[in-house]
Amino acid sequence: MGNENNNLKSTITFEAETFRRIQPEEYLRKFIQQQVRPDGRSFNHFRKTTVNLSCISTADGSSMVRIGNTTVVCGIKAEVSEPNVNLPNEGYLVPNVDLSPICSPRFKPGPPSEQAQVLSENLNKLLKISKVIDLKTLCIEEGKAVWVLFADIVCVNYDGNVFDACVIALISALMNVRLPKAFYEDGLVKATEEKSITLSIIRTPYSASFAMFDGQYLLVDPNEMEESITKDGTTVVVDETGQLCNIWKIGSSCSPEQLKTCISKARDRYADITSIIEKAKQAI
Amino acid sequence: MANRADKRSFSTIRPISISQSLLSRDGSASFSFGKTKVLCSVNGPAEVKLRDEKLDKATIDVVVRPLVGTPGTKDKTHEYILRSAFESVIQSGLHPRTQIQIVSQVMMDDGSIIAAAINATTMALIDAGIPMKDIVAAVSCVINKEDQILLDPTAQEMENVKSIHTFAFDKSSSSLLFCESLGLFTDDQYFNCYELCNVAAGRIFEEIRGAITNKLQEYQGYQTEL
C-alpha cells in the first residue's frame with residue numbers, strides 16, 4: 001500500500017476503462033505496440049462469423065449474419081410490378097440498409113442516417129455493376145410484369161464492419177430465395193402456391209474490410225471502437241474466381257503495397273466465408 | 001490511337017478549366033473536365049451548431065447538391081467521400097469548436113463527377129485560405145469491353161464498361177487518399193489504372209498550380225496599378 005501511494009505522488013494512474021474513455025487513440029496505440037488488439041485478437045484475426053439461413057419464415061429468402069457482436073438480418077420479399085419502360089424484360093433488386101437506434105446509440109430515429117444511405121448505395125452499386133444476378137431472369141412477361149426483390153437489411157447490433165456483414169447477409173439471402181412459378185394471363189399475374197424457383201446467381205462476391213492505424217498497422221475486421229478511432233478504411237470485394245469486384249478506400253494515404261496485402265487477405269477470407277455458408281446451407 | 005468519340009487518346013484528360021473567387025463566400029472555385037463542371041464554395045472557420053461541436057478540432061460539413069431534384073443516396077455518398085478525403089488533409093486541429101462548410105454544386109455532369117467535385121473542393125479550400133497539410137487531386141478511368149483503359153471518361157464512355165475507377169491522390173507523397181473501384185477487374189488492371197491516374201493527377205496538380213499563379217499575378221498587377 002505504502003509503495004503505491006509513493007508512486008501516486010509522481011504520476012497519475014487511471015483504471016484502464018477511464019484511460020480508454022478519455023484517450024481512446026492512445027489506449028488503442030498501447031495495445032497495438034504490443035502486437036495485440038484490445039479485444040485480444042491478433043491483427044490478422046477475423047471475428048467468429050456465423051450465418052443462419054431461412055430465419056424469417058414470412059420472407060421469400062432470409063439470412064442472419066453475425067461477425068463477432070455485429071448482427072445483421074436480411075429479409076428478401078418478392079413483389080410483382082411493371083418493368084421500367086426502357087428495360088422491359090428486367091426485374092428489380094432493391095437493397096436497403098437500416099441502421100436503427102436499437103443497434104447503436106449513435107443512430108437516431110427518423111430518416112436514414114448518412115451511413116445507412118452510403119451502405120445502401122454501395123451495395124446497390126456492387127449488385128449492379130458486378131452483375132450479381134441476371135435481372136432478366138426476374139421477368140414474368142416482357143413489358144407487363146416482373147419480380148421486384150426488396151432486400152431489407154436490418155442491423156440489430158452494431159459493432160463495426162457492418163458492410164461485410166451486409167454483403168454476406170445479402171448474398172446468402174439471395175441464395176435462399178424461393179419464388180413461386182408465375183404466369184401472366186389477361187392482365188393478371190397468377191402464381192403457384194409452391195415456392196420452388198431459385199434465383200440464378202451469376203457471381204457470389206464477399207467482402208473483407210480493414211482499418212489502418214497510424215498509417216502502418218493493418219487491422220482486419222475492425223470492431224466499432226477501432227473503426228471510430230482509425231477512420232481509415234479499406235474494403236475489398238472479390239468473387240469466386242478471385243477477380244476483384246470492388247475496392248473502396250477512404251481516409252488518409254496508403255501505399256500500393258498495403259493495398260496488395262488487403263487484396264490477398266480478402267481472397268483468404270473469401271474461402272472462409274464460402275465454407276461458413278456451405279455449412280449454413282446444410283443446416284437448414 | 002484516337003478512337004474515342006471526342007478524338008482524345010486513351011490516356012488524355014479532357015481540357016481542364018479552373019476559376020476561383022466566383023462567389024462572395026470565404027472561398028469558391030469551379031472546376032471542369034470538358035463538359036463536367038462542379039462549383040464549390042467554402043465557408044469557415046465559422047460558428048458551429050452546438051450539437052456538431054468538436055472540442056479538439058473543426059467540424060467539416062459537406063453538402064452536395066445535384067443539378068436537378070433533391071439530394072438522394074448518391075449525393076449522400078458523394079458527401080461522405082468528400083468529407084473523408086478532406087478530413088485527413090485539412091488541419092482541423094487549428095480551429096477547434098468551429099465549422100468549415102463545403103458546398104459542392106454540380107453544374108454539368110458528363111462523367112467523372114466525383115473526381116471533378118474533389119478537385120473543385122481542393123481549389124475552393126485553397127481560395128478560402130483554410131490551412132491544409134496537403135492538396136488533393138482526383139481522376140477517374142474506366143476499363144471498357146475491349147480491356148482498354150480510358151482516362152477521364154465522359155458519361156457516354158461510362159456506360160457498358162467492365163469497371164469504373166476513381167482515385168484521389170495527395171501532392172506531397174502522391175499516395176492514395178481515396179479509391180472507389182467498381183465492376184470486375186484483375187489485380188494487374190487495377191494497378192495499371194492506379195499508375196495511370198497517379199500520373200494524370202500530377203498533371204492536375206500542375207493545372208492547379210498554374211491557376212493559383214495566374215490569380216496571384218493578376219492580384220499583384222492590380223495592386224501595382226493602384
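Throughout, protein chains are lettered first and strands after them, A, B, ... in sequence-line order, and every chain is numbered starting at 1.
Atom NZ of Lys145(B) is surrounded by more than 12 heavy atoms from other residues, nucleotides or ligands within 6.0 Å. Within a 6.0 Å sphere centred on CZ of Arg21(A), heavy atoms belonging to other residues, nucleotides or ligands number 12 at most. Within 6.0 Å of NZ in Lys30(A) there are 12 or fewer heavy atoms belonging to other residues, nucleotides or ligands. Within 6.0 Å of atom CD in Glu26(A), more than 12 heavy atoms from other residues, nucleotides or ligands are found, so the atom counts as buried in its surroundings. For CD1 of Ile22(A), the number of neighbouring non-hydrogen atoms (other residues, nucleotides, ligands) closer than 6.0 Å is greater than 12. Heavy-atom neighbours of Glu17(A) CD from other residues, nucleotides or ligands within 6.0 Å: above the threshold of 12. Within a 6.0 Å sphere centred on NZ of Lys77(A), other residues, nucleotides and ligands contribute more than 12 heavy atoms. The number of heavy-atom neighbours closer than 6.0 Å to CD of Glu240(A), taken from other residues, nucleotides and ligands shown, is above 12.
Residue-level contacts of residues 162-201 of chain B with chain A, in order of numbering, are Ile164(B), Asp170(B), Ser175(B), Leu176(B), Leu177(B), Phe178(B), Cys179(B), Glu180(B), Ser181(B), Leu182(B), Gly183(B), Leu184(B), Phe185(B), Thr186(B), Asp187(B), Tyr190(B), Phe191(B), Tyr194(B); threshold 4.5 Å between heavy atoms. Of residues 75-97 of chain B, those residues lying under 4.5 Å from chain A by any heavy-atom pair are Lys76(B), Thr77(B), Glu79(B), Tyr80(B), Ile81(B), Arg83(B), Ser84(B), Glu87(B), Ser88(B). Residues of residues 255-272 of chain A lying within less than 4.5 angstrom of chain B, judged on heavy atoms, are Pro256(A), Leu259(A), Lys260(A), Ile263(A), Arg267(A) in numerical order. At a heavy-atom separation below 4.5 angstrom, chain B is approached by Glu114(A), Gln117(A), Val118(A), Glu121(A), Asn122(A) within residues 99-123 of chain A.
For Asp239(A), the part lying under 4.5 angstrom from a heavy atom of chain B is the side chain only.
The line from NZ of Lys133(B) to OG of Ser252(A) is 7.5 Å long, rounded to the nearest 0.5 Å. The distance from atom CE of Met158(B) to atom CD1 of Ile129(A), rounded to the nearest 0.5 Å, is 8.0 Å.
Options Gln243(A), Lys131(A), Lys125(A), Lys249(A) differ in how many heavy-atom pairs under 4.5 Å they form with chain B, and the most are formed by Lys249(A).
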